[in-house]
Amino acid sequence: MQHEAVFILAIESSCDDTAAAVLQNDKVLSNVVANQLIHNQYGGVVPELASRAHQQNIVPVIDAALKVANINKEQLSAIAFTQGPGLMGSLLVGSSFAKSMALALNIPLIAVNHMQAHVLAHFIDEEGFDKPSFPFIALTISGGHTQIIKVNSFFDMEIIGETTDDAVGEAFDKSAKILGLPYPGGPLVDKYAQLGNPKAFTFTKPKVPGLDFSFSGLKTAILYFIQKKTFENPNFIEENLNDICASIQHTIIEILMDKLQLAVATTGIKQIAIGGGVSANSGIRKTLKEAEQKFGWKTYIPKFEYTTDNAAMIGIVGYQKFLLGKFETSDVVSKARIQF
Ligand code: KG4
Ligand code: ZN
């Protein structure tokens with residue numbers, strides 16, 4: 001079936017960002033995100049505050065997405081929303097809104113898996129960005145997830161490795177917290193790391209079999225290291241911040257790269273696509289680009305606004321599901337945990 005133009009309104013509310021986007025087929029017409037700054041003072045996302053903020057933000061965010069796209073709601077072909085995984089209270093705000101709107105407009109409702117969306121964000125049509133071809137390996141690294149996925153086709157994905165405890169983003173954020181940096185500390189660690197020596201300090205890498213990850217041991221190692229050093233010199237952090245950040249980041253990147261190399265060796269697939277908020281990290285981007293030369297890989301890094309939590313990625317999955325007629329009725333339920 002050929003469609004002239006499909007307009008999808010996509011809604012994402014799985015964690016602490018309220019987001020809405022409008023896509024025309026695989027092109028993004030608008031991509032609006034309202035970040036919830038309220039959580040910063042608590043050092044992490046507070047679920048109850050997140051769902052309340054979603055309730056306040058959802059109408060203005062959707063309104064803005066439609067206005068920026070210059071589309072009125074009667075032109076919409078379908079509404080896509082994040083079904084999970086995520087915080088239940090947050091998911092419910094987006095799903096209830098999507099259901100009501102689809103019902104009112106009498107158009108199809110499409111449920112999207114947030115983790116699948118991080119992977120399929122690579123298929124948004126964007127000038128200057130290549131799309132991977134199947135099969136490829138996706139590395140999804142965010143504050144909530146760390147997964148290596150073998151992607152056989154749009155909806156045939158296999159998780160071949162994942163974290164057994166903290167996510168990579170948490171490893172960054174918790175390390176930053178130990179250094180007294182504000183939440184979320186990942187981008188700050190990245191910033192200081194660029195000015196430091198990655199070999200200044202050594203942290204032991206965890207030994208986890210296969211393609212799985214573990215980051216909680218690293219966090220403890222960093223904590224003990226900082227406690228010991230600041231006992232000897234109370235100004236240790238201030239005097240060495242850049243080097244500490246560079247060394248932490250270097251260790252995290254090595255952990256990721258070791259597993260990616262193993263994933264390539266076991267699958268024979270040399271196309272690597274990364275996604276999730278941590279893929280914004282400059283060190284990870286640089287190392288992946290170097291791996292193209294070093295190992296003959298082809299790497300894909302989406303446009304920044306499609307790597308962190310956003311609704312455009314929900315929209316691209318919505319578009320693919322629209323073409324396949326994968327629609328839901330309004331009794332579809334949100335799921336805090338969900339596999340592919
Ligand atoms: O995908 P995302 O926006 O939200 C979810 O967790 O789903 O990812 C947020 C995570 C946070 O842990 C944040 O510290 C981390 O991504 N992050 C970074 C960088 N930018 C964001 N970590 C390291 N370096 C960065 N440049
Ligand atoms: Zn995410």
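Indexing begins at 1, ligand by ligand and atom by atom, following the structure's order.
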Engineer: Does any N or O in the side chain of Ser77 come within less than 3.5 Å of the main-chain N or O of Ile8, such that one atom is a donor and the other an acceptor?
Structural biologist: no
Engineer: Look at atom 24 (N) of ligand 1 and say which protein heavy atom is nearest, naming residue and atom and giving the distance to 0.1 Å.
Structural biologist: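 Answer, as residue, atom name and distance: Asn281 ND2, 2.9 Å.
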Engineer: With heavy atoms of Gly144 as the reference, note each atom of ligand 1 found under 4.0 Å away.
Structural biologist: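 Answer for ligand 1: 6 (O).
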Engineer: In plain terms, say whether Asp125 and Lys131 are close enough for a salt bridge, that is, a side-chain N and a carboxylate O under 4.0 Å apart.
Structural biologist: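 Salt bridge between Asp125 and Lys131, a charged N being under 4.0 Å from a carboxylate O: yes.
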Engineer: Is any N, O or S atom of Cys15 under 2.8 Å away from the Zn ion (ligand 2)?
Structural biologist: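 Here the distance criterion (N, O or S atom, under 2.8 Å) is not met by Cys15, so no.
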Engineer: Hey, does Pro187 sit under 4.0 Å from ligand 1 if you only count heavy atoms?
Structural biologist: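 Under 4.0 Å: yes for Pro187.
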Engineer: Does Val59 offer a backbone N or O that forms a donor-acceptor pair with the side chain of Asp63 under 3.5 Å?
Structural biologist: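 Side chain of Asp63 to backbone of Val59: no pair is present.
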Engineer: Quick check: of its N, O or S atoms, which one does Asp309 have closest to the Zn ion (ligand 2)?
Structural biologist: OD1
Engineer: Give the atom numbers and elements of ligand 1 that come within less than 4.0 Å of a heavy atom of Asp190.
Structural biologist: 24 (N), 25 (C), 26 (N)
Engineer: Around atom 22 (N) of ligand 1, find the nearest protein heavy atom and jot down its residue, atom name and distance.
Structural biologist: Gly186 CA, 3.5 Å
Engineer: Taking the cut-offs as 6.0 angstrom to the six-membered ring centre and 45 degrees off its axis, would you call Lys326 and Phe155 a cation-pi pair?
Structural biologist: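 Yes, Lys326 lies over the aromatic ring of Phe155.
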Engineer: In terms of side-chain geometry, is the basic nitrogen of Lys174 or Glu170 positioned less than 4.0 Å from the acidic oxygen of its partner?
Structural biologist: yes
Engineer: Distance under 4.0 Å to a non-hydrogen atom of Gly169: what atoms of ligand 1 satisfy this?
Structural biologist: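 Heavy-atom distances to Gly169 below 4.0 Å select 12 (O).
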Engineer: Can you tell me if an N/O/S atom from His145 lies under 2.8 Å from the Zn ion (ligand 2)?
Structural biologist: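 No, since none of the N, O or S atoms of His145 sits under 2.8 Å from the Zn ion (ligand 2).
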Engineer: Which is closest to atom 12 (O) of ligand 1 in terms of heavy atoms, Asp17, Asp309, Ile141, Asp173?
Structural biologist: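 Result: the heavy atom closest to atom 12 (O) of ligand 1 is in Asp173.
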Engineer: Would you mind running through ligand 1 and noting each atom that sits below 4.0 Å from a heavy atom of Ala280?
Structural biologist: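 Atoms satisfying the 4.0 Å criterion: 20 (N), 26 (N).
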Engineer: Side chain of Gln75, backbone of Asn72: donor and acceptor closer than 3.5 Å?
Structural biologist: yes
Engineer: Between Asp130 and Lys298, is a salt bridge (Lys or Arg N to Asp or Glu O under 4.0 Å) present by the stated rule, with each step listed?
Structural biologist: CA-CA 10 Å; Asp130 292 342; Lys298 176 93 183 85; 3.8 Å; yes
Engineer: Less than 3.5 Å apart, any donor N or O on the side chain of His114 or Ser14 sitting next to an acceptor on the other?
Structural biologist: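 Yes, side-chain donor-acceptor contact under 3.5 Å.
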Engineer: Considering only protein heavy atoms, which is closest to atom 8 (O) of ligand 1, and at what distance to one decimal place?
Structural biologist: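 Result for atom 8 (O) of ligand 1: Gly277 CA, 3.3 Å.
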Engineer: Please list the nearest protein heavy atom to atom 10 (C) of ligand 1 with its residue and the distance rounded to 0.1 Å.
Structural biologist: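 The protein heavy atom lying closest is Gly143 N, 3.5 Å.
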Engineer: Test of understanding: given a 4.0 Å heavy-atom threshold, classify the contact between Val278 and ligand 1 as side chain, backbone, both, or neither.
Structural biologist: both
Engineer: Do the side-chain N and O atoms of Ser216 and Asp166 include a donor-acceptor pair separated by under 3.5 angstrom?
Structural biologist: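 No.
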Engineer: Do Asp331 and Lys99 sit within salt-bridge range, that is, some charged N less than 4.0 Å from a carboxylate O?
Structural biologist: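 No salt bridge links Asp331 with Lys99.
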Engineer: Give the atoms of ligand 1, by number and element, whose distance to some non-hydrogen atom of Thr308 is under 4.0 Å.
Structural biologist: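 Result: 1 (O), 3 (O).
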